[in-house]
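Structure, as structure tokens:
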Amino acid sequence: MSIEIKSVSKSFGEFESLKSIDLVIETGELLALLGPSGSGKTTLLRIIAGLESADSGQIYFSGENLIDTGAKDRQVGFVFQHYALFRHMTVFDNIAFGLRVKPKAVRLSEAKIKEKVSELLSLIHLDWVADRFPSQLSGGQRQRIALARALAVEPRILLLDEPFGALDSKVRKELRQWLRRFHHDLKITTIFVTHDQEEALEVSDRVVVLNKGEIEQVGTPEEVYHRPANSFVAEFLGDVTLFRGRVDDQSVYVRPHQFEVMHVSDDPHAVHAEIIFLNPAGPLVKMELSGPDEQLIQVSLSQSEYAELKLKKGEKVYVRPKEVIGGDYCI
Amino acid sequence: MQNKSRRRTILPGFGLSLGYTMMYLGLVVIVPLSMLFFKTSSMGFSAFWEATTAPRALASYRLSFGVAFLSALINAFFGFIVAWVLVRYEFPFKKIINVLIDLPFALPTAVAGIALATLYSPSGWVGQFFDKLDIQSAYSPLGIVIALTFIGLPFVVRTVQPVLESIESEIEEAAASLGANRWQTFRAVLFPVLFPSLLTGFTLAFSRALGEYGSVVFISGNMPFKTEIPPLLIMTKLEQYDYSGAAAIAIVMLLTSLLLLLTINLLNRHVSRRVNDELA
């Protein structure tokens with residue numbers, strides 16, 4: 001199921017949430033809508049689901065115009081940030097809900113429904129919770145139930161609105177990888193909304209970066225990270241330092257890992273900076289340096305580089321960008 | 001050992017507040033009620049039986065429970081709609097309307113009774129239309145139902161409202177995206193969650209209606225066997241210095257109400273256990 005979004009706009013009163021968005025989502029793709037809050041990413045997702053109506057524009061599912069079709073008839077699976085499970089129903093009844101509300105003519109028999117729900121429960125590795133109520137489960141489990149519930153009706157596309165936003169970071173990491181594998185197995189066209197760049201980069205095939213109701217860039221995680229189209233994308237997709245060279249007044253964006261740290265240097269592009277923060281805990285050593293004019297420079301080094309340089313907090317060192325974002329031009 | 005069994009809480013005073021609660025309940029509720037039993041015990045069983053099962057008394061019980069039930073049912077239905085409108089929609093004067101709901105709580109019930117009797121009397125503003133249809137509204141059981149519906153309105157609204165507010169719209173959106181139509185969404189997703197609060201509101205309105213006196217005496221006409229409620233019968237007996245007879249009827253009302261309330265509460269517990277499993 002491919003999705004085509006054509007000049008979709010939406011305003012809430014004075015606030016323009018989406019400004020004529022055009023986007024094509026390929027069949028089987030796992031797409032991330034990434035942006036800060038208020039960027040319109042959730043609104044776009046809700047319009048695709050039919051939960052919100054667009055002020056103007058069209059939406060096609062495999063060529064079929066669905067702009068006037070309600071959520072009920074779009075055959076879209078939607079997963080909410082806060083799960084939106086039915087609290088008075090058991091896990092089993094929650095998952096079976098979509099199957100049971102079908103018109104009699106196309107509804108499966110109770111036995112078939114039971115079979116299907118069990119299948120879904122084992123797919124999400126939660127066979128043992130069928131008779132429990134949502135309140136008896138952890139957040140991660142609830143979100144997997146919500147996903148199974150959405151999948152039960154065999155939706156044409158799957159939409160997830162900040163699916164891991166309410167979970168703690170360890171569970172969030174696990175579920176990200178799980179979603180990735182899950183999508184790999186099912187190959188259902190999936191769009192998920194997130195404000196977490198790490199999540200978008202790690203899970204998706206393609207990332208759409210939104211800001212103030214407009215698309216800033218569409219690309220693979222690698223493209224948007226290494227070749228951001230503009231300064232917004234560069235800054236939003238990861239820690240970055242706007243580095244002012246010492247010789248020419250040109251400013252460049254540099255990611256923390258793109259810096260080189262030296263005790264002595266006669267390179268005119270290197271700046272002298274003081275280490276004001278140092279955190280060696282983790283795969284990379286993270287540092288913050290205060291350069292000329294109190295410019296804050298964020299640098300990460302590998303553990304071996306760090307060991308070799310024997311750096312200490314308060315020490316003054318030379319910092320030089322080895323490369324810059326975009327990679328096309330070098331100082 | 002003492003420390004272990006005793007849980008530390010931020011605000012102290014369990015002993016004091018429990019003691020106060022017990023004393024309060026005792027002074028305000030239990031002692032006056034036990035006076036009833038004390039008074040009745042002075043009469044023999046046959047006299048008790050005679051007083052409580054007199055045809056006039058039986059007719060009044062039937063009337064009282066019937067109209068109370070009916071008005072609570074009406075309130076459950078319309079109170080639900082009012083709560084729904086107040087929670088779900090924005091409209092002008094919503095805040096004022098929200099305050100108006102509580103008016104029956106504050107208004108002296110006799111005032112309500114007089115106002116309603118005037119309105120619904122055959123020549124009254126509303127009563128004349130009923131009169132044309134040959135329906136007697138004031139001075140009939142219908143009049144009592146009207147008064148009790150007025151008195152009981154806030155209960156259902158105020159119990160359903162907060163629960164309805166607690167249901168996120170996402171729940172309905174989830175149901176819709178799963179293919180449920182509006183009726184299925186209401187029936188299977190919203191109503192089961194709201195039902196315990198609706199039942200609680202119904203129970204409160206019902207018990208309030210059973211005990212209502214002030215408004216009813218003005219609108220009912222107080223005809224024995226027809227529109228006479230037990231509280232009025234009690235008043236009549238008191239005026240005739242038949243204190244134990246009055247107490248006997250009071251006891252019947254008290255025990256029956258207690259039994260009914262217990263049953264509804266048990267039913268409610270059974271339902272809520274399935275619905276609000278939040279604490280499990």
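Small disclaimer: the values here were computed from a predicted structure and weren't measured. A note on names: the letters A, B, ... follow the listed sequences, proteins ahead of strands, and every chain is numbered from 1.
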Can you tell me if [X] has over 12 outside heavy atoms packed within less than 6.0 Å of its [atom1]?
X        : atom1 : answer
A/Arg107 : CZ    : yes
A/Lys112 : NZ    : no
B/Phe93  : CZ    : no
B/Arg182 : CZ    : no
A/Lys116 : NZ    : yes
B/Phe105 : CZ    : yes
B/Phe186 : CZ    : yes
B/Tyr61  : OH    : yes

**Prompt:** Is a donor on one side and an acceptor on the other found under 3.5 Å between the side chain of B/Glu170 and the backbone of A/Ala84?
**Reply:**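 Answer holds: no.
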
**Asked** Does B/Phe191 offer a backbone N or O that forms a donor-acceptor pair with the side chain of A/His88 under 3.5 Å?
**Response** no

**Asked** Under 4.5 Å between any side-chain heavy atoms of B/Gln184 and A/Arg100, yes or no?
**Response** no

**Prompt:** Given side chains that start at C-beta, do those of A/Phe86 and B/Val193 come closer than 4.5 Å, heavy atoms only?
**Reply:** no

Approximate separation, where rounding is to 0.5 Å, of [X] [atom1] and [Y] [atom2]:
X        : Y        : atom1 : atom2 : result
B/Thr185 : A/Lys72  : OG1   : NZ    : 9.0 Å
A/His82  : B/Ile171 : NE2   : CD1   : 11.5 Å
B/Leu178 : A/Lys102 : CG    : NZ    : 9.5 Å
B/Ser177 : A/Arg149 : OG    : CZ    : 7.0 Å
A/Arg87  : B/Glu168 : CZ    : CD    : 7.0 Å

**Heavy-atom contact with chain B under 4.5 Å, split by part of A/Phe78** = both

**Asked** Relative to chain B, which segment of A/Leu99 carries a heavy atom at a distance below 4.5 Å: side chain, backbone, both, or neither?
**Response** neither

**Prompt:** Pick from A/Val76, A/Leu159, A/Val153, A/Asp73: which one has the most heavy-atom pairs with chain B under 4.5 Å?
**Reply:**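 The option with the most such pairs is A/Val76.
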
